Amino acid sequence: MTEQAADSYDFQAIQDRWLPVWEELKPFEVPNAGSDKPKKYVLDMFPYPSGDLHMGHAEAFCFGDVLARYWRGRGYDVLHPIGWDSFGLPAENAAIKRGVDPREWTYANIAQQKASFRIYAPSFDWSRVLHTSDPEYYKWNQWLFLKMYEKGLAYRKASWVNWDPVDQTVLANEQVLADGTSERSGAVVVKKKLTQWYFRITDYADRLLDDLDALEGHWPAKVLNMQRNWIGRSTGAEVEFEIEGREAKVPVFTTRPDTLYGATFMVVAPDSDLAAELAVSASPEARMQFQEYLTETQRQSEIDRQNADRPKTGVFLDHFAINPVNGERIPVWASDYVLADYGHGAIMAVPAHDQRDLDFAREFELPVRVVVDVRDETGESLPDPLESGVATAGDGVLVNSGPLDGLRKAEAIARAIEVLEERGTGRAAKTYRLRDWLISRQRYWGTPIPILHGAEEGNAGEMRAVGASELPVRLPASEGLDLKPKGSSPLGAATEWASVTDAAGTAWTRDPDTMDTFVDSSWYYLRFLSSQDDTQAFDPTAVNAWGPIDQYAGGVEHAILHLLYSRFITKVLHDLGYLDFEEPFSALLNQGMVLQDGAKMSKSKGNLVEFASELGEHGADALRVTLAFAGPPEDDIDWADVSVQGSAKFLARAWRVAGDVASEAGVDFAGGDATLRKHTHQLLADAPGLIEHYKFNVVVARLMDQVNVTRKAIDAGAGAADPAVRESAEAIAVILSLFAPYTAEDMWAKLGHRPTVALEEWPAADPALLVEDEVTMVVQVNGKVRDRLTLPASVTEAEAEAAARASEAVQRAIGDREIANVIVRVPKIVSIALR
RNA sequence: CCCCCCAUAGCCCAACCGGCAGAGGCAGCCGACUUAAAAUCGGCACAGUCUGGGUUCGAAUCCCAGUGGGGGGACCA
């Protein structure tokens with residue numbers, strides 16, 4: 001080491017010094033059995049291997065790592081694994097574009113990301129690494145599918161599905177954005193009727209919704225809100241309407257069974273089976289009109305359909321329904337404002353009290369009957385909706401409603417349900433916005449669905465699950481397969497792979513579809529406990545010992561999809577008896593985005609900050625400190641607002657403090673400078689709470705403050721040999737190791753200790769050093785600060801008040817006015833109110 | 001249209017249960033060191049908390065209304 005290197009901070013030299021040492025020590029490998037320490041499972045959402053790591057990864061993995069390192073410092077065994085979410089469309093599309101094997105492309109990217117992670121140095125347990133595209137992993141994906149299939153939770157149905165015309169595959173509802181475009185390709189999604197595999201997530205809708213309550217305070221409020229909206233439970237009643245000339249009754253869902261007497265017509269979705277059936281028995285003109293209308297609505301894009309301002313359209317279906325409560329005969333219409341896949345695809349229309357129904361009634365001159373007397377604040381009845389064009393949806397007293405008359409809305413809803421149940425024509429019911437999870441994809445780079453379809457006359461239409469002993473169903477080589485999107489799965493063309501003859505000589509064809517990659521990521525956290533185990537998906541004993549995940553960290557872009565699916569699969573595995581917990585993620589941290597000049601970074605905008613170049617230029621520590629210090633982790637970071645050089649400057653200052661310490665390691669701190677010791681112990685006392693509340697930026701600020709104070713003590717106070725200086729430097733190294741592991745390790749070595757500071761337990765704050773012997777109390781007169789009193793910490797309320805009254809400045813402020821009230825809050829304030 | 005979150009120095013952000021608006025940083029200015037610059041060190045200055053009401057002895061903090069920004073849902077019966 002040259003003289004120069006010894007006293008100037010060189011991040012490259014420090015990285016080069018410690019990386020090999022850590023790789024030798026493997027300090028973050030934790031056996032499943034752990035030790036006798038308590039356990040924490042800290043997980044970052046695993047990355048997708050599209051190219052190298054980017055700044056978003058840098059941020060996410062920084063925060064996860066701070067928490068993992070924190071809990072280690074607090075005396076826990078911490079499991080902090082890493083893997084790759086390596087199946088999926090982007091890899092496949094990129095592979096098509098470059099004419100390479102998706103497998104090669106994917107694993108090359110993984111290798112690159114691993115190399116970047118090595119330098120960035122999150123405290124991963126590398127012995128547990130997994131890739132979802134390994135047969136050793138997706139075998140268990142198939143196992144999971146078969147478990148779901150056995151339980152009736154995986155099923156096939158023909159339905160209108162979201163079709164991405166660019167990627168040429170179906171999409172889950174969750175993958176279609178609000179504007180009707182695909183979240184992946186950006187193409188306008190169209191509807192296609194196809195037979196597809198689904199997971200029955202709607203069976204779990206109530207639990208998925210209700211169990212969110214227990215996560216309150218541990219998950220971001222925003223994510224809870226989004227999940228609740230997504231599940232979208234409505235409570236009300238199912239009412240059965242008879243349709244003249246039809247055997248079976250038609251159920252409709254309503255949140256307002258109290259308004260049944262106001263139902264003056266029925267509307268069915270044009271693309272529903274019921275509409276088609278009713279049209280068959282309608283008059284020829286009505287049938288023709290309906291056909292035209294149906295064609296018209298199906299031409300509409302999702303975007304047009306979602307435009308709420310457009311006028312109501314519809315056709316009369318030439319049928320009448322009977323209102324079960326009053327026997328009234330009401331016309332049945334078809335209109336696209338009723339959705340086929342929500343509720344029962346049919347509604348009872350109450351135009352007086354529902355705006356959509358009113359708009360429709362006014363358009364087609366259907367009757368409007370007020371059954372709830374809704375009043376405004378002055379007690380005046382609101383105007384008749386037919387005239388005003390405004391439906392009255394609020395609370396009020398029921399009228400024109402037979403037995404419900406005189407009841408208020410809530411009572412009337414309850415009573416209406418009772419009436420329906422007594423008569424057997426309805427019941428209380430709930431319905432959800434959430435739909436079953438469509439999991440089949442017509443693409444190559446995913447987990448093959450382990451199902452065989454009958455391929456000869458004798459077994460045509462039959463389905464058979466692949467036996468557990470035959471798993472995994474491996475993906476065939478991509479060589480010779482046309483991976484280009486063409487609307488059917490590339491695997492179907494792999495005839496040799498797809499054709500199967502069983503022991504009895506019967507011919508079968510493999511299901512050609514692959515699973516949505518969200519299946520892969522819905523349970524990966526369980527696999528980390530036994531990523532090499534080829535006898536089971538996961539080890540229930542180990543999983544129950546470590547799980548659920550104590551701290552999950554990742555992007556808010558997964559607020560619905562990934563988190564909802566993981567919660568669902570966790571509940572299923574709980575119900576199957578594998579898990580003793582029902583929620584996978586006890587606490588969740590969502591980091592914000594890294595922006596540049598207020599905009600999302602992208603190559604096309606030319607505002608990309610490259611992770612690799614930042615890492616090379618400033619080093620891992622400066623980058624991590626910058627990200628942690630930029631602000632609250634859940635806020636977006638604008639790279640234009642931060643200074644990586646500033647972080648580097650701070651690290652150099654901290655590092656020099658350690659180098660200046662002149663006392664020996666192991667020296668007794670007790671005799672050290674009291675002021676500095678107090679400062680150090682205040683930091684030690686505050687840091688845990690700050691970290692646990694994700695206030696990383698505040699902890700970094702406190703470390704800067706501690707470095708500044710220590711610098712002053714060395715240069716102008718106690719001096720470099722004072723034990724308090726060593727105590728402070730050691731505390732800085734230990735806490736700084738969460739953010740800047742290399743620098744902290746080097747400081748630790750300079751302070752005469754052996755690696756690694758990452759496994760060092762935090763020194764305890766000494767309560768005796770935290771008590772102040774003097775306090776400053778503020779005296780306010782009529783809310784204005786008039787004096788500051790320095791008083792002993794043991795001061796009583798009466799003494800403080802006396803001192804305040806004795807103050808000259810206070811007396812001047814009071815003058816000759818009378819004191820109305822004196823409030824004393826030791827040790828903060830004396831507040832004097834004048835009359 | 002409905003729901004949720006946010007607003008503090010030029011900028012990024014702190015401020016516990018309502019109790020002195022400032023912990024830290026960036027940018028700025030002055031000075032020390034230097035032949036000079038960089039780095040480093042020392043110092044300085046900067047807001048009364050988006051607006052308007054209310055509660056309180058006391059409000060950045062609680063309540064109401066609004067403005068601006070962000071997010072979610074939305075023809076969901």
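Order of the sequence lines sets the chain letters (A, B, ...), proteins ahead of strands, with each chain counted from 1. Keep in mind that what you see is a predicted model, and the values were worked out from it rather than measured.
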Once hydrogens and angles are ignored, does a donor-acceptor distance under 3.5 Å link the base of B/rC26 to the side chain of A/S643? no
Sub-4.5 Å side-chain heavy-atom contact between A/I691 and A/L738: yes
Test the A/K249-A/F241 pair against the cation-pi criterion, namely NZ or CZ under 6.0 angstrom from the six-membered ring centroid and within 45° of the ring axis. no
When we call it a touch if two heavy atoms are under 4.0 Å apart, what does [X] touch: a base, just sugar-phosphate, or nothing?
X: A/P220; result: nothing
X: A/A630; result: sugar-phosphate
X: A/A701; result: base
X: A/D357; result: nothing
X: A/D354; result: nothing

Could you identify the nucleotide paired to B/rC41, looking across every strand shown and requiring Watson-Crick or G-U wobble geometry with both distances under 3.5 Å? B/rG31
Could you please name the partner base of B/rU8, counting Watson-Crick and G-U wobble pairs only when both distances are under 3.5 Å? none
Side chain of [X]: nearest nucleotide among [options]?
X: A/R711; options: B/rC57, B/rG25, B/rG42; result: B/rG42
X: A/A833; options: B/rC57, B/rG73, B/rA23; result: B/rC57
X: A/Y337; options: B/rC75, B/rG19, B/rC13; result: B/rC75
X: A/M226; options: B/rU40, B/rG71, B/rA77; result: B/rG71

Quickly work out the A/K695 NZ to B/rC16 P distance and round it to whole Å. 7 Å
What verdict does the side chain to side chain contact (heavy atoms under 4.5 Å, CB included) test give for A/I832 and A/N782, after you've listed the backbone C-alpha separation in whole Å, the side-chain angles of each residue and the deciding distance to 0.1 Å? CA-CA 6 Å; A/I832 299 170; A/N782 273 356; over 6 Å; no
Pair A/F265 and A/W333, ring centroids less than 6.0 Å apart: no
With nearest nucleotides of RNA chain B determined for A/R825 and A/D641 from heavy-atom distances, which residue corresponds to the more 5′ nucleotide? A/D641
On RNA chain B, does the nearest nucleotide to A/K712 precede the nearest nucleotide to A/N229 from the 5' side, or the other way round? Give the residue. A/K712
